[in-house]
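To start, the structure itself, in structure tokens.
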Amino acid sequence: MERPLTRNIHPDRPPLNLKEYERTGGYVALRKVCSSMNPAAVQELVKDSNLKGRGGAGFSTGMKWGLIPMGDKAAHPTYLIANADEMEPGTFKDRLLLEGNPHQLIEGMILAAYAIQADIAYVFLRWAYHKAAGLIRKSIQEAYDAGYLGKDILGSGFHLEMHLHTGVGRYMCGEETALLNALEGKRATPRAKPPFPQISGLFGKPTIVNNVETLCCVPHIVNNGADWFKGLSYSDDGGTKVYGVSGKVKRPGAWELPMGVTMRELIEEHAGGMKAGCSLRGVLPGGASTDFLTTQHLDIKMDYKSVAAAGSRLGTGTMIVLDDSTCPVGFVHNLQHFFAQESCGWCTPCREGLPWVEKILLSLEKGEGKPEDLELLQLHTQYLGPGNTFCALAPGAMEPLQSALKYFREDFEKHVEHKKCPYD
Amino acid sequence: MLSITEKEAIDHEIGLVPHKRATVIEALKIVQQHRGWISDESVAEIAEYLEISPAEVDSVATFYNLIFRRPVGRHVILLCDSISCYVMGYKQLYTALQSKLQISFGQTGPDNRFTLLPNACLGCCDHAPALMIDKDLYRDVTIEQLDDILQQYT
């Protein structure tokens, strides 16, 4: 089984420096592109590979790049941004790539920048990733020194500047347009669309924001071709995926596997099954903002289409496991506390609704809940659902809540009935 | 007055962007790095330097979790309270920290040694529970390890 993204990542060893990265085939894709491919050909190749954005939404990367104005029509500077904010609870996959092989990301960014003819690239890195920050800073410098960044890269006439920006902690920064505001030195509130960032993004100029894992796929697609990339997968979505499992399993962790492995394989084989004395009740398949799936879904394929068909989202592919010793109401309360705290306050339903939801869940946990509270929670899942808020934060927050009300309703009812948390 | 070192660092950032005000977050980070936190005076000084209003600087400073608008202790403990850490027992760690340090979230001890803050996801859900002191990350933390960890920070 091929693992292109993590083949050269060894958690017990320091990541590859420039020379070592080159020895493993690093920057060969950049040389190939600079000497024999035009930007349109790179875009076409990535579109053909069926690479979908790994940040959660799963939009076709090649199509996204295709929305950038090219040629004489294009406004410059054009920007490329690697979204390395990764602040969704339960999501930790990009840390593996950032700390494990920073040059792979940088090469992917240069290739993406070439494809859209960007002039300036940023790595938007979350504050907590101090180790990654040091490694990326060093690797960017190495890339400049080797002529892979800066003016006239490898004699191709293509110029690219690259900077590292470290955030100061706010979940909203992971939202594409809020991230742009943060880079402009503003509060990270989302922007109205249209115009889309591809037309008017950072500082009003065309901008592409791609997830770290997405960008790390690009050098391998260039080196090996679209068909090879599609062949890595067990499903219609191209490539491998860095999946993760956390919670009360024997071996929590992250692994690169063919896109479309089953949830059962991930939990039972790679994560080693549940810890002794625990059994599985539910899974958030792709981070804190996805709907619960349960044991009846264990055999679904972890790809965008299959997880959606089961009533949830693949999201970031990093699963959080709910076991039978953990109270589902407490679990959901913790999630809603996070979302209420991280709401940027820009739109009223999210700013006012999420703290309300949090308060109801707290009163349920304390045994002060009333039967009508469940109705109220259900209503909020609609009021804060898609179409009623400015961005996807509140609708995302409602996904675990609505599915918990569906699958674990008896636990909510018991809290009201017995006037206490049955797990205490 | 911003120090010469602070100004030089901010000027470097200004050189990277199309207009000065875009560096306000960087400026806040730089000043906080030197002074530990962002006082009203710091807000006014940054505003003057970047030629924007103090209200604009403050609106940004108060938005981000890791810009401190109140003084903090010599070391800041960020305890991850997100879902994977919740499942793996961050609450027990919090209780232990509270009793060892005699402070709750948001507080600084009387000896000014530690400030204890909750943190939304440190991104090591596979090694939960986790906490960070200054820039040092601790993973799979148990209550038994806390004394040894805290002892390293004076």
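We use all heavy atoms of the structure for the numbers below, so side chains are in, but hydrogens, waters and symmetry mates are not.
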With a 4.5 Å cut-off on heavy-atom pairs, point out which of B/L122, B/L16, B/L78, B/V17 contacts chain A the most.
B/L122
So which of A/L335, A/T91, A/N334 has the biggest tally of heavy-atom pairs under 4.5 Å with chain B?
A/N334
Determine whether the side chains of B/S59 and A/K186 contain a donor N or O and an acceptor N or O closer than 3.5 Å.
no
Using heavy atoms and a sub-4.5 Å threshold, report which of residues 80-91 of chain B line up against chain A, by residue number.
B/D81, B/S82, B/I83, B/S84, B/Y86, B/V87, B/M88, B/Y90
Heavy-atom distances under 4.5 Å only: say whether A/Y122 touches chain B with side chain, backbone, both or neither.
side chain
Portion of A/C173 that has a non-hydrogen atom of chain B nearer than 4.5 angstrom
side chain
Select one option (side chain, backbone, both, neither) describing which atoms of B/A128 are under 4.5 Å from chain A's heavy atoms.
neither
Relative to chain A, which segment of B/K29 carries a heavy atom at a distance below 4.5 Å: side chain, backbone, both, or neither?
side chain
Could you check whether any side-chain heavy atom of A/R95 comes within less than 4.5 Å of a side-chain heavy atom of B/C124, counting everything from C-beta outward?
yes
Report which part of A/Y129 has an atom under 4.5 Å of a heavy atom belonging to chain B: side chain, backbone, both, or neither.
side chain
Given the options A/H165, A/E86, A/K93, which has more heavy-atom pairs under 4.5 Å with chain B than any of the others?
A/H165
Can a donor-acceptor pair be found between the side chains of A/Q341 and B/N65 at a distance below 3.5 Å?
no
Against chain B, label A/R126 side chain, backbone, both or neither, depending on which of its atoms sit under 4.5 Å from a heavy atom there.
side chain
Measure A/F203 against the heavy atoms of chain B and call it side chain, backbone, both or neither at under 4.5 Å.
side chain
Which atoms of B/L28 approach chain A - backbone, side chain, both or neither, heavy atom under 4.5 Å:
neither
Under a 4.5 Å heavy-atom cut-off, does chain A meet the side chain of B/E26, its backbone, both or neither?
side chain
Okay, A/E161 and chain B: the region with an atom under 4.5 Å from a heavy atom over there is neither
What part of A/D94 gets within 4.5 angstrom of chain B, counting heavy atoms only: side chain, backbone, both, or neither?
neither
What part of B/D134 gets closer than 4.5 Å to chain A, counting heavy atoms only: side chain, backbone, both or neither?
backbone
Is B/H19 close to chain A through its backbone or its side chain, or both, or neither, when contacts mean heavy atoms under 4.5 Å?
side chain
Winner by heavy-atom pair count (cut-off under 4.5 Å) against chain B, out of A/A288, A/S325, A/A182, A/A254
A/A182
pair A/H130-B/M132: side-chain heavy atoms closer than 4.5 Å:
yes
List the atom of B/C121, the atom of A/P89, and the distance in Å for their closest heavy-atom pair.
SG-CA, 3.6 Å
Chain B heavy atoms under 4.5 Å from A/L284: which part of the residue, side chain, backbone, both or neither?
neither
